[in-house]
Amino acid sequence: MKEVPLGILGSGKGTNCRAILESIRSGLVAAEVRVIISDVFDARILDIAREFSVPNAYLPPGKFHTRLEPKAEIELVRMLREAGVELVVLAGFMRVLKSPMLDAFPRRILNIHPSLLPKFPGLEAWKQALVTGESVTGCTVHYVDEKIDHGDIIAQCEVPILPNDTPESLHARIQMAEHELYPAAINEVCRKLPD
Ligand code: GAR
């Protein structure tokens with residue numbers, strides 16, 4: 001089966017990125033990570049890229065906090081195209097993508113979010129679920145569109161909220177589910193892409 005060329009974008013610790021790289025290494029996902037890019041200079045996801053010998057880069061995001069400056073987003077498209085990327089995987093990338101990326105990779109950008117969307121989009125979704133008094137939350141893999149944590153849902157996994165949960169314990173349990181769900185969902189999407 002063809003190995004789909006992936007580009008991974010992330011802003012933080014990169015545990016989902018590691019789970020994806022490990023799943024590819026053990027043959028569970030038919031893909032190849034061509035490049036890992038971060039908008040945060042010292043993000044741990046870039047250390048993981050180096051550990052797995054994957055080409056990687058820091059992309060200076062520009063002056064905005066919630067999105068890339070247009071010229072940075074155009075540069076991102078250029079970098080991904082130069083690496084031959086056919087599917088873009090957001091793994092804790094904390095900026096909203098706009099038309100340069102959405103037009104360059106239509107229905108070819110995936111995201112994982114730590115809630116059962118459409119519930120609790122946005123930041124620290126596990127805290128939102130905890131303060132609302134839910135008994136179940138989870139994680140969602142979805143196609144990316146122009147809205148925050150929004151787009152057609154590909155896969156979801158439920159995670160129970162336990163009586164003594166803290167935000168940290170709940171997020172850790174959700175992340176364990178993410179590390180199973182995301183590689184499996186990526187593999188399903190890769191299998192269905194045209195050759
Ligand atoms: C993950 O929990 C992911 O679901 C979340 O950021 C974390 C990144 O962790 N993403 C969002 O909240 C997107 N709105 P990681 O860097 O360890 O993979």
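Note that the numbering runs from 1 along the sequence shown for the chain. These values consider heavy atoms only, across backbone and side chains, with no hydrogens, waters or symmetry-generated copies. Numbering of ligands and ligand atoms starts at 1, following listing order.
- Protein heavy atom at the shortest distance from atom 16 (O) of ligand 1 is Gly14 N, 2.8 Å.
- Atoms of ligand 1 lying under 4.0 Å from any heavy atom of Asp149, numbered from 1 in the order shown and given with element: 13 (C), 14 (N).
- Heavy atoms of Thr15 found under 4.0 angstrom from ligand 1 belong to the backbone as well as the side chain.
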Pair Asn16-Gln175, side-chain contact (heavy atoms from CB on, under 4.5 Å): steps then yes or no: CA-CA 8 Å; Asn16 278 286; Gln175 287 227 280; 3.7 Å; yes

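- Distance from atom 7 (C) of ligand 1 to its nearest protein heavy atom, with residue and atom name: Gln175 NE2, 4.0 Å.
- Of all protein heavy atoms, the one closest to atom 1 (C) of ligand 1 is Glu178 OE1, 3.3 Å.
- Not a single heavy atom of Gly10 sits under 4.0 Å from any atom of ligand 1.
- Of the protein's heavy atoms, Gly92 CA, 3.8 Å lies nearest to atom 6 (O) of ligand 1.
- Ion pairing of Lys71 with Glu75 is absent here, as no side-chain N (NZ or NE/NH1/NH2) approaches a carboxylate O to less than 4.0 Å.
- Counting non-hydrogen atoms of neighbouring residues, nucleotides and ligands closer than 6.0 angstrom, the CZ atom of Arg44 reaches no more than 12 such neighbours.
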Sequence neighbours left out, cut at 3.5 Å: what donor-acceptor pairs do the side chains of residues 45-57 make with other protein atoms?
residue : atom : partner : partner atom : Å
Asp47   : OD1  : Arg50   : NH2          : 2.9
Arg50   : NH1  : Asn56   : OD1          : 3.4
Glu51   : OE1  : Arg18   : NH2          : 2.9
Glu51   : OE2  : Arg18   : NH1          : 3.0
Asn56   : ND2  : Val54   : O            : 3.0

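- Taking atom 5 (C) of ligand 1 as the reference point, the nearest protein heavy-atom neighbour is Pro114 CD, 3.8 Å.
- Hydrophobic clustering keeps Val33 apart from Leu9 (ILVMFWY residues linked when any side-chain heavy atoms are closer than 4.5 Å, directly or through intermediates).
- Sorted by first and then second residue, the pairs that involve residues 113-147 and meet ring pair (Phe, Tyr, Trp, His ring centres under 6.0 Å), not counting sequence neighbours, are Trp126-His171.
- Note on ligand 1: Ala125 sits outside its first shell, no heavy atom being nearer than 4.0 Å.
- For the pair Thr140 (side chain) and Ser115 (backbone), a donor-acceptor distance under 3.5 Å is present.
- Nearest protein heavy-atom neighbour of atom 10 (N) of ligand 1: Ile112 O, 3.5 Å.
- Taking 4.0 Å as the cut-off, His171 counts as a neighbour of ligand 1 on heavy-atom distance.
- Within a 6.0 Å sphere centred on CD1 of Ile148, other residues, nucleotides and ligands contribute 12 heavy atoms or fewer.
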